[in-house]
Amino acid sequence: MRVRRRTVWFMTLLSLVAVISVYYLVDPAKQFNGLTIFSDDTLQQTAITGVTDQEASKQGVTTEVSSPSHMFEEMRMQVSDERSQLRQQLTQKIASEEATAEEKNKAFNEIDGLIKQESAEAMLEMLVKSLGYSDAFVRAEGEKVSVTVMAEELSKSQANEIIYLVRSEWEGANDVQVKFSANNY
């Protein structure tokens, strides 16, 4: 399973490099300047729909629009903050002159593990969303993986499908819990 996933990633990267190379070979005169996206002219030309209503836009006042998964975003932010603090502590340990080489190596491996865990959780969230859910939140702690999906209700077969997906994509996920949340706030 891992070899196939690596092959897919490699082929995706290879095709992306090929497309970009062909693009620049065909039209090398065009230079991409990423900062032009954020220029005042570009921002004024961009119309954002759904953020302001007609009356508020006439007065220049924006109205607040809540995400359909505001609660999930809050959970993601909380996890991100916790991991950011942990990453900062580990980075300080690596930079410390008092830490031994073994302690620095252990801290480096923990940072590497955090990065892998975050990317695996993000990938699982995308895969769960591809099953037809509007949003999903995945949190892993060791062998325990908790998946929360945005749904009015969740049947046993849907939960089993999510559990199967998590176990097939995440090695060592022995305890998978699936919850649903119909609350948008």
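Given the structure is predicted, the values throughout are model-derived calculations rather than measurements.
Glu161 pairs by the side chain to side chain donor-acceptor pair (under 3.5 Å) definition with nothing, not counting sequence neighbours. A search for side-chain contact (heavy atoms from CB on, under 4.5 Å) contacts involving Ala140 returns Gln117, Glu121, Val145, Trp170, not counting sequence neighbours. With sequence neighbours excluded, the residues satisfying side-chain contact (heavy atoms from CB on, under 4.5 Å) with Ser157 are Ser155. In this structure Met126 satisfies the side-chain contact (heavy atoms from CB on, under 4.5 Å) test with no other residue, sequence neighbours excluded.
Transitive grouping of hydrophobic side chains (ILVMFWY, heavy atoms separated by less than 4.5 Å) brings Val147 and Leu154 into a common cluster. Residues Val128 and Val178 are members of one and the same hydrophobic cluster, defined by side-chain heavy-atom contacts under 4.5 angstrom among Ile, Leu, Val, Met, Phe, Trp and Tyr. A single hydrophobic cluster is not seen to contain both Val79 and Leu86; linkage of ILVMFWY side chains at heavy-atom distances under 4.5 Å, directly or through other members, places them apart.
Side chain of Ser168 to main chain of Tyr164: a donor-acceptor pair is present (N/O by atom type, distance under 3.5 Å, no hydrogens or angles). Side-chain N or O atoms of Ser119 include one that pairs as donor or acceptor with a backbone N or O of Ile115 at under 3.5 Å.
Applying the salt bridge (charged side-chain N to carboxylate O under 4.0 Å, His left out) test to pairs two or more places apart or on separate chains, those with a residue in residues 141-157 are Arg139-Glu141. Each side chain to side chain donor-acceptor pair (under 3.5 Å) pair with one or both residues in residues 85-94, not counting sequence neighbours, appears once here: Arg87-Glu118.
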Report the C-alpha separation of Gln158 and Phe180 in whole Å, then their side-chain angles, then the decisive distance to 0.1 Å, and conclude whether the side chain to side chain contact (heavy atoms under 4.5 Å, CB included) test is met.
-> CA-CA 11 Å; Gln158 290 171 319; Phe180 70 94; over 6 Å; no
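Atom CE of residue Met75 and atom OG of residue Ser146 lie 8.0 Å apart, to the nearest 0.5 angstrom.
Considering only heavy atoms from C-beta on, Gln78 comes within 4.5 Å of Glu82 through its side chain. Within the 4.5 Å cutoff, side-chain heavy atoms of Ile94 are placed close to those of Ile111. Annotation: side chain of Ile162 is not in contact with side chain of Leu165 (no heavy-atom distance under 4.5 Å).
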Could you give the side-chain donor-acceptor pairs of residues 101-109 under 3.5 Å, partners two or more places apart or in another chain?
unit_1: Glu103; atom_1: OE1; unit_2: Thr100; atom_2: N; d: 3.0
unit_1: Lys104; atom_1: NZ; unit_2: Ser96; atom_2: O; d: 3.0
unit_1: Asn109; atom_1: ND2; unit_2: Asn105; atom_2: O; d: 3.3

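A 6.0 Å sphere centred on NZ of Lys179 holds no more than 12 heavy atoms belonging to other residues, nucleotides or ligands.
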